[in-house]
Amino acid sequence: MAEAAAKRAPEMESGGVAEPESRHLFEGSNWTFDTMGRTYDAIQEIALNDLGLDVYPNQIEIISSEQMLDAYSSIGMPLMYQHWSYGKRFVREAQMYQKGYAGLAYEIVINSNPCISYNMEDSTMAMQALVMAHAAFGHNHFFKNNYLFQQWTDAEGILDYLEFAKRYVAKCEERHSTAAVEEILDAAHTLMDHGVFRYRRRPKLNLREQAERERERRQYQERTFNDLWRTLPRNGADMQMEQADVEIDERKTRLKLPEENLLYFLEKNSPVLEPWQRELLHIVRNIGQYFYPQKQTKVMNEGCATFVHLYILNQLYDKGLLPEGAMLEALHSHSSVVFQPDFNDKRYSGINPYALGLAMMEDIKRICVEPTPEDEEWFPEIAGCGDWRGTLKDAWANYRDESFIQQYLSPNVIRKMKLFVLADDSTDTHFTVTDIHDERGFRNVRRALARSYDLGAIEPDIQIVDVDLRGDRKLRLQHTMRDGVPLSERSRDEVLKHIRRLWGYEVGLVGVEADTDKTSYEISTEDAVDEDD
Amino acid sequence: MPMPHFIDRRLNPKQKSLGNRQRFMRRARAQIKEVVNKSIRERNVSDITNGETISIPTKGIGEPRFHHAPSGGRRNRVFTGNEEFNAGDRIPKPPQGGQGEGGKKATDRGEGEDEFQFVLSREEFLDMFFEDLELPDLVKTSLKEVCSYKPHRAGFASSGSPTNINVLRTMRNSFGRRIALKRPTSGDEDGLTQRILDLEARSDLTPDERLWMAELHKQLEELKCRRRAIPYVDPFDLRYNRFENHPEPNTNAVMFCLMDVSGSMGEREKDLAKRFFMILHMFLKRRYERIEVVFVRHTHEAQEVDEETFFYSRETGGTVVSSALKEMLEIVHDRYPPGEWNIYTAQASDGDNFSGDAEKCIELLDTALMPLCQYYAYVEILDEREMELFQDPEKGTALWQAYRAVGASWPNFETKRIAGPGDIYPVFRELFAKQVADG
């Protein structure tokens, strides 16, 4: 929000001087634990009593820049098992940082209870204030209240679980050699995106309930039994076909196929894995599942945190608690975080989730407080309701990026960001601009943008459809292709090799067009081996 | 809402990622190795002990995932900042669909042949460098050591470990302080006590004397109190001997690199020679504070050149080894008086020499050069086939025979035939054996 920064600056010049010096929470750029504590209290006052946020208790840890590098090369977790890919990330991040290509993140916040956030020791006090408002209240509230996090992650237990995972992996390395563990982890990591449950599973029935259901079924069969069916004539071939179909159906049911959680299936059913190897898959799967909500709420999560820190800083400043210099510094870094370059800018690398998130949050607030006739038409439930705090909190709690955009992206934001949709058909020599920020385009832009945040659409739909455990044990995967979008071939073949390692037998992948059911490609790990020879 | 917990983690162990880094290095070993080898070829002889920024291809360290290809099929993308487009506008695609936006996406996901760049630490670089030289571990560690330090006395400090207490200084301080604060000595106390005892011993005390005795008791009490309040040795008095680590005094060394650069020395031979020179240089660097390297190349005549020319330019002509020795001798006389410089020589050649020159070499070495040199290492670079032919050290070219003869009479003269990097170390065995024994 570059505009926000620009708008604030003149106000401060006039208003800031008049404030009595003594009310400032801190002076200068150095922080101490004392000023941190005071600032925290002031921020908390606004967050809880003004915004009415609901947060986990905070635990704020001060770390050095080197520790920050450590932390975010192991996917941001304070504890993590060891793996070479984290080392790779570390050397890359360290390189980027040392060369000055990239700054370090100012904070990392962990969805746990208590909510742990890392602040860097080199940050100035102004930055510490911004980071506390952003992470310890913004993200914290989002973690505690969003339905995805509530449903899928266990904030109480995550640190203990990681501790366990780390020890377990280390123990396995000791017992079975690092290479053996690495082989399994490598393979598991390639499937991390396909190791999550996207929907809640039905609760497992206990033994008594199972028996009960079995009895009910039998009763139903007995009630509806009609001997007449037996007398219908049938030919032999049909019978056999039917027999085979029934068998396939039966084994599919037994294995609960089709299954989109590939890691889960392999963990439970692979014929070749040792128990410790299954446990490793389980660990990777759990961690993947833990991060699944975060992947689906980037825009909202950052939008929420950015909105919160901006609001809190402004409040602090208006109350005369922040020195002018600190406010300017915080706003400067705020506006670089939410900077959104245009598509033809060299710096463009997609839509900045901070920018989009903040723009939408601010717009929701505007719609609640000062709606235009357009808003009345588009958002009749919230326009002019006045309760922007409640409306935002409701949105933060009950949506994910895709549904949030679909619900709340207003024509105003589309206009401001000048969004447009570009259709790319690989059979066409031209791109086509299908919709822009005008009356006719709003809904389509919104739909297209929402869809681009739908993990179900971003990630390829690959499921295990069949396996004959008594026969050739070939694991059959199916890639359902939407809009003819293919998989990237090289990594596809690599991943299949990894699956083969976990499954132990042949693995085949079939690409099927979703709308036509036409098979578009078919490969198998055994073909690949032949090619190598 | 309770107060937040601020936790200061700055003192927690750093380098939590070290294990990950090592795993990564192991993973990418083959590629790193290749790059290091290439880098050795490009480095200066004296520039071996720094780390190295290397970039390796992402192959083998990729993390494949199922993901959509950057192009193909039908898709809608949303962009920001529309200025001129209207719905229905058609924009020609950039040639070769992989370029532009698509290409960028591919690299983001770790695909494509982009390079992965990072810095090897000095240790890691040396490990790779040593890998196929087959140096014994003892030698490796001694080469990797940066410098040796010795503690030297450096005045006194007010803090330190109890073993370093300087008693004299401490007591002097204590004495001065006791005088300044007028701490009663034990003599004062004894005198007073004695006077009280004397008075008490008498039975006939006048009232004045009684008063006097009470006064004395009071004085004694005060005196004792004062002695208690002013300690004999205060922590404030303590002085410790202070030590500073000084690098071991090293002297200067000069290293002569002699090489035959006639046409018969090809790329492979020069590469081997370079490694040979590098090891000697590392050894010297560890031992001496200041090292100079002199490059002398020769065909039928010798010439001092810079490193670039030494390794990379080609000369044609015959081969007269003694010319290099003469040149070296002259340089020593001109610039490196043996009294101030330790002289080390490394010579590499393919063994060719002008017939009749070998005797001249023997004479030069025996009478002039060897008395000046700390160490003289000669390698004859052969190819594998020749290596088999010359299994027997007795046989060989005239130069080889001649150098063998010199080696017999000078213990600090080493000769060796090498065909691969693994053969280099034995040339220096003597040198390192001595070093290890010294250490």
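Excluded from the calculations below are hydrogen atoms, water molecules and symmetry mates; all remaining heavy atoms, backbone and side chain alike, are included. Throughout, protein chains are lettered first and strands after them, A, B, ... in sequence-line order, and every chain is numbered starting at 1.
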| task | Before giving the answer on salt bridge (charged side-chain N to carboxylate O under 4.0 Å, His left out), spell out for B:Lys93 and A:Asp424 the whole-Å C-alpha distance, their side-chain angles and the decisive distance to 0.1 Å. | result | CA-CA 9 Å; B:Lys93 289 185 182 175; A:Asp424 173 8; 3.0 Å; yes
| request: Measure A:Ser117 against the heavy atoms of chain B and call it side chain, backbone, both or neither at under 4.5 Å. | output: neither
| remark: A:Asp342 and B:Thr80 have their tightest heavy-atom pair at CA-OG1, 3.8 Å
| query | What distance separates B:Asn20 CG from A:Lys88 NZ, expressed to the nearest 0.5 Å? | reply | 13.0 Å
| field | Partners passing ring-ring contact (aromatic ring centres under 6.0 Å, His included) against B:Phe24 (at least two apart in sequence or in another chain) | value | B:Phe116, B:Phe118
| said: Minimum heavy-atom separation for B:Arg75 and A:Pro486, please, with both atom names. | reply: NH2-CD, 4.4 Å
| said: Applying side-chain contact (heavy atoms from CB on, under 4.5 Å) to A:Phe420 and B:Val78, what does each step give before you reach the verdict? | reply: CA-CA 6 Å; A:Phe420 67 101; B:Val78 181; over 6 Å; no
| query | Considering residues, nucleotides and ligands other than B:Phe236, do more than 12 of their heavy atoms fall under 6.0 Å from its CZ? | reply | no
| said: I need the residue from A:Ile414, A:Asp428, A:Thr178, A:Ile116 with the largest number of non-hydrogen atom pairs under 4.5 Å to chain B. | reply: A:Asp428
| message | Between B:Arg21 and A:Asp70, does the salt bridge (charged side-chain N to carboxylate O under 4.0 Å, His left out) criterion hold? Intermediate values first, please. | response | CA-CA 11 Å; B:Arg21 186 186 169 96; A:Asp70 271 345; over 6 Å; no
| task | Could you tell me the separation between the OG1 atom of A:Thr32 and the CZ atom of B:Phe6, rounded to the nearest 0.5 Å? | result | 10.0 Å
| A:Asp186 portion near chain B, given a 4.5 angstrom heavy-atom threshold | side chain
| task | Quick one: closest heavy-atom pair of A:Gln82 and B:Gly19, and the distance? | result | NE2-CA, 3.6 Å
| request: Tell me, for A:Pro341 versus chain B, whether the close heavy atoms (under 4.5 Å) come from the side chain, the backbone, both or neither. | output: backbone
| said: Quick check: closest heavy atoms across A:Val421 and B:Asn76, and the distance to 0.1 Å? | reply: CG1-CB, 3.8 Å
| query | Does any heavy atom of chain B fall under 4.5 Å from the side chain of A:Met481, the backbone, both, or neither of them? | reply | neither
| note | Most heavy-atom pairs under 4.5 Å with chain B, out of A:Thr434, A:Val433, A:Thr429, belong to A:Val433
| remark: The interface call for A:Leu449 against chain B, heavy-atom contacts under 4.5 Å, is both
| request: Please check if atom CZ in A:Arg451 has more than 12 non-hydrogen atoms from other residues, nucleotides or ligands closer than 6.0 Å. | output: no
| request: Using modelled atom types only, decide if a donor and an acceptor are shared between the side chain of B:Asn82 and the backbone of A:Lys418 within a distance under 3.5 Å. | output: no
| request: Could you tell me whether a side-chain N or O of B:His68 sits under 3.5 Å from a main-chain N or O of A:Ile458, the two making a donor and an acceptor? | output: yes
| Worked verdict on B:Asn86 versus A:Ile436 for side-chain contact (heavy atoms from CB on, under 4.5 Å) | CA-CA 6 Å; B:Asn86 275 314; A:Ile436 62 165; 3.7 Å; yes
| task | Under the side-chain contact (heavy atoms from CB on, under 4.5 Å) rule, what do A:Ser452 and B:Arg77 come out as? Steps first, then yes or no, please. | result | CA-CA 7 Å; A:Ser452 72; B:Arg77 295 206 183 96; over 6 Å; no
| said: Quick check: closest heavy atoms across B:Glu63 and A:Trp84, and the distance to 0.1 Å? | reply: CG-CH2, 4.0 Å
| query | Which word best sums up how the rings of A:Phe343 and B:Phe85 line up, parallel for under 30°, tilted for 30 to 60°, or perpendicular for over 60°? | reply | tilted
| Exam field: side chain A:Ser426 to backbone B:Gly73, donor-acceptor pair closer than 3.5 Å | yes
| task | Could you walk me through whether B:Arg65 and A:Thr190 pass side-chain hydrogen bond (donor to acceptor under 3.5 Å, both in side chains), step by step? | result | CA-CA 5 Å; B:Arg65 301 267 167 118; A:Thr190 66; over 6 Å; no
| field | Option in A:Asp425, A:Asp483, A:Asp493, A:Leu356 with maximal non-hydrogen atom pairs under 4.5 Å from chain B | value | A:Asp483
| field | Heavy-atom contact with chain B under 4.5 Å, split by part of A:Leu419 | value | both
| task | Run the numbers on B:Phe66 and A:Asp193 for side-chain contact (heavy atoms from CB on, under 4.5 Å), then give the verdict. | result | CA-CA 8 Å; B:Phe66 281 130; A:Asp193 294 338; over 6 Å; no
| note | Assert top hit (heavy-atom pairs under 4.5 Å, partner chain A, pool B:Ala28, B:Gly81, B:Ala87) equals B:Gly81
| request: Using non-hydrogen atoms and a 4.5 Å limit, figure out which bit of A:Ala136 sits close to chain B: side chain, backbone, both or neither. | output: neither
| task | Answer with side chain, backbone, both or neither: which region of A:Leu262 has an atom nearer than 4.5 Å to a non-hydrogen atom of chain B? | result | side chain
